[in-house]
Amino acid sequence: MNDMLTIAMPKGRIFEEAADLLRDAGFRLPAEFDDSRKLIIDVEEENFRFILAKPMDVPTYVEHGVADLGIAGKDVMLEEERDVYELLDLHISACYLAVAGLPNTELNEIAPRIATKYPNVAAAYFREQGSQVEIIKLNGSIELAPIIGLTDRIVDIVSTGKTLVENGLVEYERIVDITSRLIVNPASYRLKDLRIGELVARLQQVVNTKLLSK
Ligand SMILES: Nc1ncnc2c1ncn2[C@@H]1O[C@H](COP(=O)(O)OP(=O)(O)OP(=O)(O)O)[C@@H](O)[C@H]1O
Ligand SMILES: O=P(O)(O)OC[C@H]1O[C@H](OP(=O)(O)OP(=O)(O)O)[C@H](O)[C@@H]1O
């Protein structure tokens, strides 16, 4: 029952909300957890091993089974399409993916260019729309692309909308709502079902309580 669980945690903005959720579910995480530079943190009291990974890499560790579980944004899940199961919508780090660009510009030229950190999601979206586009992959500061004339549009995360506004861009289409998910390696799910089932039940309860109090 008390098998060790290895959990891939995304460094960056999801981390804090995910750690709070685990603490709210009664798991004792040491203070060192929050500001350590260590990439692997063992929490003996809970028999957890945490791997601190780049958000986009979390499903890779879980697919390969070096992590049993992971926390990843739905954006990352859609982009990476890894062979993992999604167990729970944690309802944290809410945002959405959208098409944005300079105001009052038409997309009527042949193969307009789209900058994004999500080339697979963007390509699938425009394919479904029947539009032929050229995707240019960037790794951050995507909003720069239309301003300096690299692309006609971007596909990027919007949360408050502040980055778009401050850079003089407008949203054209909303593609999909995003929240973070608890994911599991399929073999771990079979082998460690009791322990994982208990963790999911505790997290589900915290998520439900939070949703009800909103
Ligand atoms: N502005 C935002 N507000 C809320 N959630 C966001 C926002 N931007 C991204 N997210 C969510 O948080 C996840 C992690 O975002 P974060 O910015 O920490 O990672 P990243 O951009 O991949 O990091 P890095 O800069 O290290 O490449 C995203 O995959 C998405 O689900
Ligand atoms: O709608 P907002 O609340 O302004 O948030 C959206 C911004 O947040 C993310 O960028 P991030 O801060 O991760 O920086 P990046 O450009 O390095 O991806 C995203 O790529 C947008 O640029």
Side-chain angles (χ1 to χ4, degrees), residues 7-22 33-41 50-63 67 69-82 84 86-103 113-125 135-148 150-184 203 207 210-211 214:
I7 306 174
M9 288 284 279
K11 289 196 290 185
R13 51 163 54 91
I14 299 181
F15 179 86
E16 212 170 299
E17 278 190 276
D20 283 350
L21 214 54
L22 287 165
F33 203 64
D34 302 71
D35 38 38
S36 164
R37 289 288 303 161
K38 276 199 208 161
L39 299 176
I40 299 179
I41 301 178
F50 289 96
I51 299 178
L52 273 54
K54 275 287 216 191
M56 198 65 102
D57 294 336
V58 165
T60 309
Y61 293 105
V62 176
E63 180 183 67
L69 294 157
I71 294 177
K74 185 70 183 175
D75 51 327
V76 169
M77 300 300 291
L78 294 170
E79 180 61 25
E80 289 285 305
E81 291 193 318
R82 296 283 169 173
V84 299
E86 238 180 77
L87 290 179
L88 195 59
D89 183 348
L90 298 171
H91 290 274
I92 57 172
S93 298
C95 52
Y96 57 96
L97 275 170
V99 180
L102 290 168
R113 288 188 292 181
I114 314 292
T116 187
K117 216 164 143 173
Y118 303 92
N120 294 327
V121 175
Y125 177 76
I135 307 281
I136 296 185
K137 164 85 161 64
L138 294 177
N139 294 301
S141 302
I142 315 296
E143 291 80 2
L144 268 177
I147 305 170
I148 58 162
L150 176 65
T151 65
D152 305 87
R153 293 280 189 268
I154 60 172
V155 166
D156 198 19
I157 294 283
V158 180
S159 173
T160 60
K162 190 169 186 267
T163 311
L164 289 181
V165 169
E166 289 200 0
N167 290 289
L169 301 179
V170 295
E171 189 180 313
Y172 280 93
E173 288 132 46
R174 191 169 172 132
I175 301 179
V176 60
D177 287 336
I178 305 291
T179 46
S180 298
R181 311 301 163 105
L182 179 71
I183 60 173
V184 69
L203 284 173
V207 171
K210 281 193 168 181
L211 286 176
K214 266 188 189 170

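Keep in mind the model is a prediction, meaning the values are calculated, not measured. Each ligand, and each atom within it, is numbered from 1 in the order the structure gives.
Scanning the protein heavy atoms around atom 30 (C) of ligand 1, the nearest turns out to be D75 OD2, 3.2 Å. Remark: minimum distance from atom 21 (O) of ligand 1 to any protein heavy atom is reached at K117 NZ, 2.6 Å. For atom 1 (N) of ligand 1, the nearest non-hydrogen atom of the protein is S159 CB, 3.5 Å. Counting protein heavy atoms only, atom 3 (O) of ligand 2 is closest to T160 OG1, 2.5 Å. Of the protein's heavy atoms, K117 NZ, 3.3 Å lies nearest to atom 18 (O) of ligand 2. Shortest contact from atom 20 (O) of ligand 2 to any protein heavy atom: D156 OD2, 2.8 Å. Protein heavy atom nearest atom 15 (P) of ligand 2, with residue, atom name and distance: S141 N, 3.7 Å. Annotation: atom 19 (O) of ligand 1 to nearest protein heavy atom, P55 CG, 3.3 Å. Counting protein heavy atoms only, atom 4 (O) of ligand 2 is closest to T163 OG1, 2.4 Å. Protein heavy atom in closest approach to atom 6 (C) of ligand 2: I157 O, 3.4 Å. Scanning all protein heavy atoms for the shortest distance to atom 12 (O) of ligand 1 gives I14 CG1, 3.4 Å. The protein heavy-atom contact nearest to atom 13 (O) of ligand 2 is R13 NH1, 2.8 Å. The protein heavy atom nearest to atom 11 (C) of ligand 1 is C95 SG, 4.0 Å. Nearest non-hydrogen protein atom to atom 22 (O) of ligand 2 is E143 OE2, 2.7 Å.
With a 4.0 Å heavy-atom cut-off, ligand 1 is reached by the side chain of I178 but not by its N, CA, C or O.
With values rounded to the nearest 0.5 angstrom, L203 atom CG is found 7.0 Å from I71 atom CD1. Here the CD1-CG distance, from I40 to L52, works out to 9.5 Å after rounding to the nearest 0.5 Å. Between the CD1 atom of I51 and the CG atom of D57 there is a distance of 11.0 Å, given to the nearest 0.5 Å. Rounded to the nearest 0.5 angstrom, D75 CG and T179 OG1 are separated by 9.5 Å.
Of all non-hydrogen atoms in I14 and G73, the two that sit nearest each other are CD1-N, 4.0 Å. Residues P55 and P10 share a closest heavy-atom pair of CA-CB, 3.9 Å. Among all heavy-atom pairs drawn from V58 and G70, the shortest one is CG1-CA, 3.8 Å. For the pair I157 and Y118, the tightest heavy-atom approach, listed with the atom from each and the gap, is CG1-OH, 3.5 Å. Of all the heavy atoms in P59 and V84, the pair that sits closest is O-CG1, 4.0 Å. Contact record, V158 with A98: CG2-CB, 3.9 Å, taken as the closest heavy-atom pair.
Taking 4.5 Å as the limit, every side-chain heavy atom of L69 sits out of range of all side-chain heavy atoms of I183.
For ligand 1 and A94, the ligand atoms under 4.0 Å from any heavy atom of the residue are 4 (C). Of all atoms in ligand 1, listed by their number and element, those nearer than 4.0 Å to a heavy atom of G73 are 31 (O). Here is the list of ligand 1 atoms found below 4.0 Å of a heavy atom in V76: 29 (O). Here is the list of ligand 2 atoms found below 4.0 Å of a heavy atom in V158: 1 (O). Atom numbering of ligand 2 starts at 1 in the shown order; those under 4.0 Å from a heavy atom of K162 are 1 (O), 4 (O). Counting the atoms of ligand 1 from 1 in the order shown, those under 4.0 Å from a heavy atom of G12 are 18 (O). Within the listing of ligand 1, atoms 7 (C), 8 (N), 9 (C) sit less than 4.0 angstrom from a heavy atom of I157. Close contacts of ligand 2 with G161, meaning ligand atoms under 4.0 Å from a residue heavy atom, involve 1 (O), 2 (P), 3 (O).
Assignment of A72 to the shell around ligand 1 is not supported, since no heavy atom sits closer than 4.0 Å.
Atom NZ of K11 has more than 12 neighbouring heavy atoms from other residues, nucleotides or ligands inside a 6.0 Å radius. When the shell of 6.0 Å around CZ of F50 is examined, it contains more than 12 heavy atoms from other residues, nucleotides or ligands.
Between K54 and ligand 1, at least one N/O pair is under 3.5 Å apart. Taking only nitrogen or oxygen atoms, main chain and side chain alike, K74 does not reach within less than 3.5 Å of ligand 1. Ligand 1 has an N or O atom lying under 3.5 Å from an N or O atom of R13, backbone or side chain.
Judged by distance alone, with hydrogens and angles left aside, the side-chain atoms of E17 form a donor-acceptor pair with the main-chain N or O of S93 at under 3.5 Å. At distances below 3.5 Å, at least one donor-acceptor pair connects side-chain atoms of Y172 with backbone N or O atoms of L102.
Contact check on E86 versus K74 returns a salt bridge, with a Lys/Arg side-chain nitrogen under 4.0 Å from an Asp/Glu carboxylate oxygen.
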